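In listed order, ligands and their atoms are each counted from 1. From a predicted model like this one, the values you see are computed outputs, not experimental measurements.
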Amino acid sequence: MAPLILPFVFLAYLVLYSIALSIPTIPNFLSVGRAQQQQVLKSPLDTWIEQQERIALDKLLANVSPGGRNVKDAAKGSVIASPSREHPNYFYQWVRDAAITTSTLVDLYTDEPSSKLSSDLSNILDDYSDLQYKLQRTSNPSGTFDDLSGLGEPKFEADGSPFIGSWGRPQRDGPPLRALTLMTYLRAYNESHPGLWTSAGAEDWYKDLYDPSLPANSIIKADLEYTSHFWNQSGFDLWEEVDGFHFFTAMVQLKALREGAELAKAFQDKGAAQWYAEQASYVEAFLQQFWDERSGFLVETLNTDRTGLDCALLLGSLHGYPSKYSHDTPVFPPYSEEILISFLRLVQDQQERFPINAAPSSSEDGVAALEGIGIGRYPEDVYDGYGNDKRGGNPWFLCTASAAEVLYRTADHLISTGNLEISPIGIRFYEALLSSSSLEPEIDRSYGPSDALFHSVIERLRNTGDEFIDVIKTHTDAQGSMSEQFDRVTGYERGARDLTWSYGAFLQAIRARKRVL
Ligand code: NOJ
Ligand code: NOJ
């Protein structure tokens with residue numbers, strides 16, 4: 001894997017170069033004025049967010065090798081789920097958690113290529129890919145690399161050896177998530193080095209990530225092969241409990257196959273490009289089955305006795321949303337009425353379920369308001385962070401953060417398209433959103449910047465998003481630590497401490513918030 005170091009050396013150069021270019025010698029008085037203005041307008045929530053952003057990134061990186069203070073005795077390149085080694089033991093590397101966290105780091109890098117993070121990031125990605133390459137080829141209870149079945153293994157020991165205890169396996173979201181993280185990175189890198197894929201000198205290093213002729217040698221190609229051959233077989237959900245077919249898994253499979261087809265085309269891997277695109281079209285059609293006409297919302301798992309409402313619907317929509325490098329039409333994007341109505345139903349359930357969530361206020365005509373509250377995984381959940389509690393589960397940081405992100409992304413979409421259409425599917429969502437105003441949304445008409453309702457919707461989306469963030473603020477401790485859950489009665493943190501994914505989900509919600517401010 002030595003050649004893989006090369007791109008990161010380039011990257012480090014690029015970063016240093018751009019820092020050098022951006023050092024201003026003449027102060028820009030206009031921007032100083034603007035900064036002062038912003039200071040004046042800053043709310044307590046804004047101040048907390050700014051500080052918490054830094055803390056969250058620091059605590060996330062503490063769980064990531066190289067450099068992380070909590071991963072000193074884990075394999076090089078590890079991303080552990082949490083430093084907690086007992087009650088519960090989360091000192092493992094889950095393929096899903098690691099891929100999601102690393103993709104947040106890639107996103108932060110592309111937002112601000114000259115930030116301090118960038119120089120660390122090159123090392124992190126180098127070691128992450130190195131270790132993932134090894135994990136892919138490590139035989140484990142899900143299978144081996146030869147027939148790719150081993151790629152469905154959900155978690156490994158912190159030293160990189162297989163985890164042999166009984167577990168909900170295989171889980172088929174890991175390979176597409178990992179492929180997506182690395183594909184986005186490859187795209188971002190290529191963007192700053194146009195033409196690299198075709199220049200002879202660069203061939204060596206990218207082949208470790210994608211080699212058309214030798215899938216056995218490349219990480220992305222192996223994950224795409226796995227995804228394209230196994231998406232039509234059942235597996236365990238992201239919560240590791242139910243064997244079946246799941247919305248979250250299918251959404252990330254679709255995204256990986258579509259973007260994989262594009263990548264294959266760019267590498268002249270024509271047969272594969274066609275095969276991935278064809279499988280993607282089947283997954284896209286299959287996804288329609290998750291819309292439950294009878295209940296009027298999406299379900300996370302097909303054919304179960306659960307309601308189907310689940311924060312994984314929000315996560316599927318967010319993680320399945322096409323990257324900025326793709327030209328694909330989004331399927332069930334965060335702003336779609338199918339997602340928004342499922343969001344409303346989930347919020348209504350969780351509001352009543354958890355004592356820390358106060359009852360919603362309602363309007364004169366009795367419409368319950370949509371308010372920011374603590375959100376857990378799903379109504380029937382009994383996992384309390386340590387074991388099972390028959391009385392039920394708790395709100396989770398990462399679910400509450402994704403609720404905020406869905407609303408911010410919806411506001412962002414409306415601002416950029418200038419168009420809001422409301423159909424019978426989504427009307428209840430908009431009624432609940434606007435319940436505190438005198439405006440009444442109407443079905444089958446479209447609203448734009450010349451309508452008062454359009455502006456109210458955007459404002460309410462932003463404010464309700466902030467309410468969810470405010471709930472996170474309330475339950476985050478004074479040091480800025482976020483565990484997995486917070487207690488449904490006392491509000492205190494529960495479950496694995498310093499959960500890497502909690503920090504990542506918070507940072508993603510704040511990224512989305514910045515785009516709509
Ligand atoms: C640990 C799993 O990771 C979690 O998702 C599950 O709910 C509990 N075990 C209980 O089975
Ligand atoms: C339990 C969650 O259910 C699962 O999604 C996650 O991968 C593990 N914890 C590790 O954070």
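- Taking the charged nitrogens against the carboxylate oxygens, Asp46 and Arg513 do have a contact shorter than 4.0 Å, which makes a salt bridge.
- Contact annotation: for Trp94 versus ligand 2, heavy atoms closer than 4.0 Å belong to the side chain alone.
- Figure legend: Arg85 and Phe91 shown as a cation-pi pair, the cationic atom lying under 6.0 angstrom from the six-membered ring centre and within 45 degrees of its axis.
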Full working for side chain to side chain contact (heavy atoms under 4.5 Å, CB included) between Tyr282 and Trp231: CA-CA 10 Å; Tyr282 299 143; Trp231 70 266; 3.5 Å; yes
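- With ligand atoms numbered from 1 in the order given, ligand 2 contributes 10 (C), 11 (O) to contacts under 4.0 Å with heavy atoms of Ala81.
- The side-chain tip of Arg137 points at the ring of Phe145 from less than 6.0 angstrom away and within 45° of straight on.
- Geometrically, ligand 2 and Trp501 share no nitrogen or oxygen pair separated by less than 3.5 Å.
- Where the criterion is an N or O separation shorter than 3.5 Å, residue side chain and backbone included, Leu499 fails it with respect to ligand 2.
- Under the 4.0 Å criterion applied to side-chain N and carboxylate O atoms, Glu284 and Arg258 are assigned as salt-bridge partners.
- Within the 4.0 Å heavy-atom shell around ligand 2 one finds Arg377.
- The shortest N or O to N or O distance between Trp396 and ligand 2 is not below 3.5 Å.
- With a 4.0 Å cut-off on non-hydrogen atoms, Arg96 touches ligand 2 through its side chain and not its backbone.
- Applying the 4.0 Å criterion to heavy atoms of Tyr90 picks out, from ligand 2, the atoms 1 (C), 9 (N), 10 (C), 11 (O).
- By the criterion of a heavy-atom distance under 4.0 Å, the side chain of Asp97, and not its backbone, is placed next to ligand 2.
- Remark: aromatic rings of Trp396 and Phe354 are distant, center separation not under 6.0 Å.
- Under a 3.5 Å cut-off, the side chain of Ser326 and the backbone N or O of Pro322 do not form any donor-acceptor pair.
- Against a heavy-atom cut-off of under 4.0 Å, Leu238 is close to the following atoms of ligand 2: 3 (O), 4 (C), 5 (O).
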